[in-house]
Structures are given as C-alpha cells and as structure tokens.
Engineer: 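Mind having a look at this structure? Questions to follow.
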Amino acid sequence: MSESDLPLRYQTPAQWAKVALTQPLALLNDHAHLEKKAATNALELLNRWPEPNPPENWVAAMTAVARDEVEHLATVSRLLARRGGKLTRQHGNPYASELHKLVRKGRGKEELIDRLMISALIEARSCERFKLLGDEVKDDAELRKLYRGLWASEHGHYRTFIQLAEQILPEKIVGKRWDEMLDAEARLIQRQPAGPRMHAGCEI
Ligand SMILES: [Fe+2]
Ligand SMILES: [Fe+2]
C-alpha cells in the first residue's frame with residue numbers, strides 16, 4: 001500500500017461530488033461544522049491519555065490536530081461567509097453518531113483505541129470525499145485549492161490516530177479491531193441519506 005492509499009472498503013462514486021456540489025453553500029456549512037467537531041474531538045481525546053504510560057507524543061499530536069482543525073474551520077467559515085452563506089447554529093451528523101455507537105464504553109484502553117479508530121475513519125472518509133470534490137470543481141480555483149489542501153492535512157491526521165492506537169495496544173489487537181471497524185464504516189456510509197453533506201450517501 002502506498003502512503004497515499006486509503007484503507008476504506010466502500011468507494012464513493014464520483015457522482016456523489018456532483019450531487020453534493022449542487023448546493024455548495026450547504027456543503028460548506030456542513031463542512032465547517034465537521035471541522036469544528038474535529039477540533040473539539042482532538043481536545044476531548046487529549047484529556048483521555050492512557051495511564052500509566054501514555055504515548056510520548058500524545059499531547060503534541062492532539063494539540064497539532066486541534067490547531068489544524070481550528071485553522072480549517074476558520075478557512076471554511078470565511079469562504080462560506082464570503083460566498084453569501086451563513087454558519088447555522090444547529091448541525092446533525094448521523095454518520096459520526098452511528099460510528100460512535102461502536103465505541104466499547106467503560107473498557108479502558110479498548111475504549112480509547114475505538115475512539116482513535118473512529119477519528120481515523122472520519123478523517124479517511126473525508127479525505128476520499130475531498131479528492132472527489134477537488135476533481136469536480138475544475139472551474140473554481142478557490143474551492144479546488146481548498147479541497148486539495150485539506151486532503152493532505154486530513155490524510156496526515158488519519159495516520160496520526162492509527163499510529164497512536166498502535167502505541168496503546170499491541171499492533172495485532174489494533175489490526176483486528178481496525179478490520180472490524182472498516183467493515184462497519186463501509187456498511188454505515190452507504191446507509192446515509194443523500195444530500196449536500198460531506199458524509200452523505202449516494203443516490204446511485
Ligand atoms: Fe480538518
Ligand atoms: Fe482532520
């Protein structure tokens with residue numbers, strides 16, 4: 001597997017980006033909320049370091065992700081405002097909510113690796129979608145630059161979350177759980193309703 005490959009087990013059709021971009025402001029609003037959630041999630045994870053031996057780079061990794069996500073939020077919400085859109089107060093994310101149901105709560109390190117893997121899955125799926133969006137917005141240089149830039153950043157985050165999980169439990173255990181999580185994510189993303197959202201399903 002090359003560095004740029006994604007492990008996902010459901011491949012979103014290119015048609016998804018066409019549908020999502022029919023309502024670009026709604027898509028940017030959804031996207032801004034996801035960046036906000038990603039920043040919050042990194043700070044929440046920061047507090048959950050495993051005792052007595054947290055990964056050496058735990059705090060540095062989480063603060064780096066949080067800082068990136070805040071920057072992404074600023075960029076996306078600025079773009080949304082400049083294009084005449086408005087950040088809504090309310091935002092639902094059924095995809096992430098369903099993923100979080102997979103967390104084995106109250107199970108110490110197992111709970112923590114589940115949370116890290118769900119974060120990794122969301123990053124990887126976003127990456128996949130940014131690539132499709134970047135390819136689709138050929139005549140909009142600003143959006144193309146946004147989506148291409150985010151691809152690289154979120155890909156780095158996906159790797160970071162997996163590497164942290166591998167420092168918490170043995171690679172073999174992490175690998176087995178990752179395998180289950182990848183299957184679950186592939187099922188779940190396909191069940192999402194279509195619409196102008198980063199983690200929407202696809203009608204075709
Ligand atoms: Fe981000
Ligand atoms: Fe990210």
Engineer: Does Met62 form a side chain to side chain contact (heavy atoms under 4.5 Å, CB included) with Leu43? I'd like the steps, not just the answer.
Structural biologist: CA-CA 7 Å; Met62 291 308 173; Leu43 293 179; over 6 Å; no
Engineer: Applying the side chain to side chain contact (heavy atoms under 4.5 Å, CB included) test to Leu99, which of Ile122, Asn93, Ile189 qualifies?
Structural biologist: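 It is Ile122, the one option of Ile122, Asn93, Ile189 that forms the side chain to side chain contact (heavy atoms under 4.5 Å, CB included) with Leu99.
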Engineer: Please confirm whether the backbone N or O of Val103 pairs with a side-chain atom of Arg107, one donor and one acceptor, at under 3.5 Å?
Structural biologist: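 Checking the backbone N and O of Val103 against the side chain of Arg107, no donor-acceptor pair under 3.5 Å is found.
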Engineer: Taking all non-hydrogen atoms of both residues, which atom of His31 and which atom of Leu146 are closest, and how far apart?
Structural biologist: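 Heavy atoms only, the tightest pair is CE1-CD2, 4.4 Å.
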Engineer: Could you walk me through whether Leu143 and Leu79 pass side chain to side chain contact (heavy atoms under 4.5 Å, CB included), step by step?
Structural biologist: CA-CA 9 Å; Leu143 280 185; Leu79 223 145; 3.9 Å; yes
Engineer: Which atoms form the tightest heavy-atom contact between Asp30 and Pro196, and what is the distance?
Structural biologist: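 Between these two residues, the closest heavy atoms are CB-O, 4.0 Å.
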Engineer: Please give me the minimum heavy-atom distance between Asn41 and Ser119, naming the atom from each residue.
Structural biologist: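 Result for this residue pair: ND2-OG, 3.0 Å.
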Engineer: Quick one: do Val19 and Leu34 end up in the same hydrophobic cluster if we chain Ile, Leu, Val, Met, Phe, Trp and Tyr together by side-chain heavy atoms under 4.5 Å apart?
Structural biologist: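 Each belongs to a different hydrophobic cluster.
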Engineer: I need the Arg115 CZ to Ile113 CD1 distance, nearest 0.5 Å.
Structural biologist: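 If we round to the nearest 0.5 Å, Arg115:CZ and Ile113:CD1 are 12.5 Å apart.
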Engineer: Pick one: which of Arg67, Glu35, Lys36 meets side-chain hydrogen bond (donor to acceptor under 3.5 Å, both in side chains) with His72?
Structural biologist: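 For His72, the side-chain hydrogen bond (donor to acceptor under 3.5 Å, both in side chains) check succeeds only for Glu35.
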Engineer: Is the shortest side-chain heavy-atom distance between Leu188 and Arg191 below 4.5 Å?
Structural biologist: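 In contact.
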Engineer: Would you say Glu154 and Ser126 are linked by a side-chain donor-acceptor pair, where the criterion is simply a distance under 3.5 Å?
Structural biologist: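 There is no such pair (donor and acceptor under 3.5 Å, judged by atom type) between the side chains of Ser126 and Glu154.
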Engineer: For residues Pro50 and Leu112, report the shortest heavy-atom separation together with the two atoms involved.
Structural biologist: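 Residues Pro50 and Leu112, closest heavy atoms: CD-CD2, 3.6 Å.
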Engineer: Under a 4.5 Å cut-off applied to non-hydrogen side-chain atoms, are Val137 and Lys145 in contact?
Structural biologist: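 No, every pair of side-chain atoms sits at 4.5 Å or beyond.
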Engineer: Hydrophobic clustering (ILVMFWY, side-chain heavy atoms < 4.5 Å, transitive) - are Ile162 and Leu102 grouped together?
Structural biologist: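 Leu102 and Ile162: one cluster.
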Engineer: Main chain of Gly134, side chain of Arg144: is a donor-acceptor contact present, judged purely on distance under 3.5 Å?
Structural biologist: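 Absent.
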Engineer: Between Glu98 and Lys101, is there a salt bridge with N-O shorter than 4.0 Å?
Structural biologist: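 No, this pair does not count.
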Engineer: Of the non-hydrogen atoms in Trp151 and Phe130, which two are nearest, and what is the gap between them?
Structural biologist: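 In this case the closest contact between Trp151 and Phe130 is N-CD1, 4.2 Å.
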Engineer: What pair of heavy atoms forms the shortest contact from Gly201 to Trp16, and how long is it?
Structural biologist: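 Looking at all heavy atoms of both residues, the shortest contact is O-CD1, 3.5 Å.
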Engineer: Is Glu111 paired with Arg48 through a side-chain N to carboxylate O contact shorter than 4.0 Å?
Structural biologist: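 Yes, Arg48 and Glu111 are salt-bridged.
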Engineer: Are Leu45 and Phe161 packed together at the side-chain level, in the sense that at least one heavy-atom pair is separated by less than 4.5 angstrom?
Structural biologist: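 Of all side-chain heavy-atom pairs linking Phe161 with Leu45, at least one is under 4.5 Å.
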Engineer: Met117, Leu182: one ILVMFWY side-chain cluster at the under-4.5 Å cut-off?
Structural biologist: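 In one cluster with Met117: Leu182, yes.
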Engineer: Arg9 vs Asp179, test: side chain to side chain contact (heavy atoms under 4.5 Å, CB included). Steps then yes/no.
Structural biologist: CA-CA 10 Å; Arg9 292 181 181 171; Asp179 191 54; 2.7 Å; yes
Engineer: Would you mind writing out the side-chain donor-acceptor pairs for residues 164-174 within the sub-3.5 Å range, not counting sequence neighbours?
Structural biologist:
none

Engineer: Taking the side chain as everything from C-beta on, heavy atoms only, tell me whether Leu27 gets closer than 4.5 Å to Gln23.
Structural biologist: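 No; the side chains remain at least 4.5 Å from each other.
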Engineer: After noting the C-alpha distance and the side-chain angles of Tyr147 and Glu142, does the key distance pass the side chain to side chain contact (heavy atoms under 4.5 Å, CB included) rule?
Structural biologist: CA-CA 9 Å; Tyr147 292 133; Glu142 191 175 43; over 6 Å; no
Engineer: Is any side-chain heavy atom of Arg125 closer than 4.5 Å to a side-chain heavy atom of Thr12?
Structural biologist: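 A side-chain contact under 4.5 Å exists here.
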Engineer: Nearest 0.5 Å please: distance from the OG1 atom of Thr75 over to the CG atom of Leu28.
Structural biologist: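 If I round to the nearest 0.5 Å, the distance is 11.5 Å.
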Engineer: Answer yes or no: does atom NZ of Lys86 have more than 12 heavy-atom neighbours from other residues, nucleotides or ligands under 6.0 Å?
Structural biologist: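 Count not over threshold, so no.
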Engineer: Can you tell me which residue among Gln192, Glu185, His100 is in a side-chain hydrogen bond (donor to acceptor under 3.5 Å, both in side chains) with Tyr95?
Structural biologist: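 Checked Gln192, Glu185, His100 against Tyr95; only one passes side-chain hydrogen bond (donor to acceptor under 3.5 Å, both in side chains): Glu185.
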Engineer: Are the side chains of Leu73 and Glu69 in contact, using a 4.5 Å heavy-atom criterion?
Structural biologist: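 A side-chain contact under 4.5 Å is absent here.
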Engineer: Any side-chain heavy atom of Leu6 within less than 4.5 Å of one from Cys127?
Structural biologist: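 Contact flag for Leu6/Cys127 side chains = yes.
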Engineer: Does a sphere of radius 6.0 Å around CD in Glu51 hold more than 12 heavy atoms from other residues, nucleotides or ligands, not counting ones at 6.0 Å or beyond?
Structural biologist: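 More than 12 heavy atoms, drawn from other residues, nucleotides or ligands, come within 6.0 Å of this atom.
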Engineer: Do NZ/NE/NH1/NH2 and the carboxylate oxygens of Arg83 and Asp140 come within less than 4.0 Å?
Structural biologist: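 Yes, this pair counts.
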Engineer: May I ask you to test the Thr63-Leu46 pair for a side-chain heavy-atom distance under 4.5 Å?
Structural biologist: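 With C-beta onward as the side chain, the pair touches.
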